A.B. asks: 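Take this structure, written in structure tokens, and hold onto it; I'll ask about it next.
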Amino acid sequence: MDWIVLVYVSALIIAISFSVLVYYIIRTLKATEQTLTSVSTTIKDVENQLGGVTTELTALLNKTNKAAEQIQQKTASLTKVTDSLSEVGNEVLQVQTEVKNFLQNVSKNINRHNDGISQAIKFGSSTLSLLKKWRDKKS
């Protein structure tokens, strides 16, 4: 009989231990359920917020792309203006070079014919003096 009592007591201890174990497992599972519910709610909130952020980012990227296109167009226009100004500068430089060459040639010719020019001036001056004297005599 002791043996049977011992088996019943052992069975009772096992049943109580199993009940306590089941009780704590149930509490742990309920806490886990609450945590998972909270995590699920948080994830839904984050999804909603990310949806809004995604919409705003898409709009911002579209605006940025439009601005980049406008900048590219304006840069192309400025490139045309810069090219035109460069061509004008080249033309001005060419005209300046030609004027410089012309003035050098004129200077060389004047130096070469300096004696002839001074004689022509003297001759012109003498002719004017003679004409003046001739008019004075006529009057």
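Values in this document were obtained by computation on a predicted structure and should not be read as measured data.
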A.B. asks: Nearest 0.5 Å, what's the CG-OG distance between Asn90 and Ser86?
C.D. replies: 4.5 Å

A.B. asks: My understanding is that only residues two or more places apart in sequence, or in another chain, count here; which of them pass side-chain contact (heavy atoms from CB on, under 4.5 Å) with Leu61?
C.D. replies: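 side-chain contact (heavy atoms from CB on, under 4.5 Å) check on Leu61 returns nothing, list empty.
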
A.B. asks: Nearest 0.5 Å please: distance from the CG atom of Asp45 over to the CD atom of Glu47.
C.D. replies: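 It is 9.5 Å, given to the nearest 0.5 Å.
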
A.B. asks: Would a hydrophobic clustering, with Ile, Leu, Val, Met, Phe, Trp and Tyr connected at side-chain separations under 4.5 Å, put Ile16 with Tyr8?
C.D. replies: no

A.B. asks: Counting heavy atoms not belonging to Glu33, are there more than 12 under 6.0 Å from its CD?
C.D. replies: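 Counting other residues, nucleotides and ligands, CD of Glu33 stays at 12 neighbours or fewer.
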
A.B. asks: Hey, does Gln96 have a side-chain heavy atom less than 4.5 Å from the side chain of Lys100?
C.D. replies: no

A.B. asks: If hydrophobic residues (ILVMFWY) are linked whenever their side-chain heavy atoms come closer than 4.5 Å, directly or via other members, who joins Val22 in its cluster?
C.D. replies: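 Traced through the cluster, Val22 reaches Phe18, Ile26.
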
A.B. asks: With sequence neighbours left out, what residues match Gln94 under side-chain contact (heavy atoms from CB on, under 4.5 Å)?
C.D. replies: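 Gln94: side-chain contact (heavy atoms from CB on, under 4.5 Å) contacts with Glu91, Glu98.
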
A.B. asks: Is Ser40 reaching over with its side chain to a backbone N or O of Leu36, donor-acceptor style, under 3.5 angstrom?
C.D. replies: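 Not at all, since once roles are kept as given, no pair shorter than 3.5 Å links the two residues.
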
A.B. asks: Distance check, rounded to the nearest 0.5 Å: Ser17 atom OG versus Leu12 atom CG?
C.D. replies: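 The distance works out to 9.0 Å.
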
A.B. asks: Rounded to the nearest 0.5 Å, what separation is found between the OG1 atom of Thr64 and the CG atom of Leu60?
C.D. replies: 4.0 Å

A.B. asks: Within this structure, what is the OG1-NZ distance for the pair Thr35 and Lys30, rounded to the nearest 0.5 Å?
C.D. replies: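 The OG1 atom of Thr35 sits 14.0 Å away from the NZ atom of Lys30.
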
A.B. asks: Do the side chain of Thr97 and the main chain of Leu93 share a donor and acceptor less than 3.5 angstrom apart?
C.D. replies: yes

A.B. asks: So, taking the atom named NZ in Lys44 and the one named OG1 in Thr42, what distance separates them when rounded to the nearest 0.5 Å?
C.D. replies: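 So the gap between those two atoms works out to 11.0 Å.
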
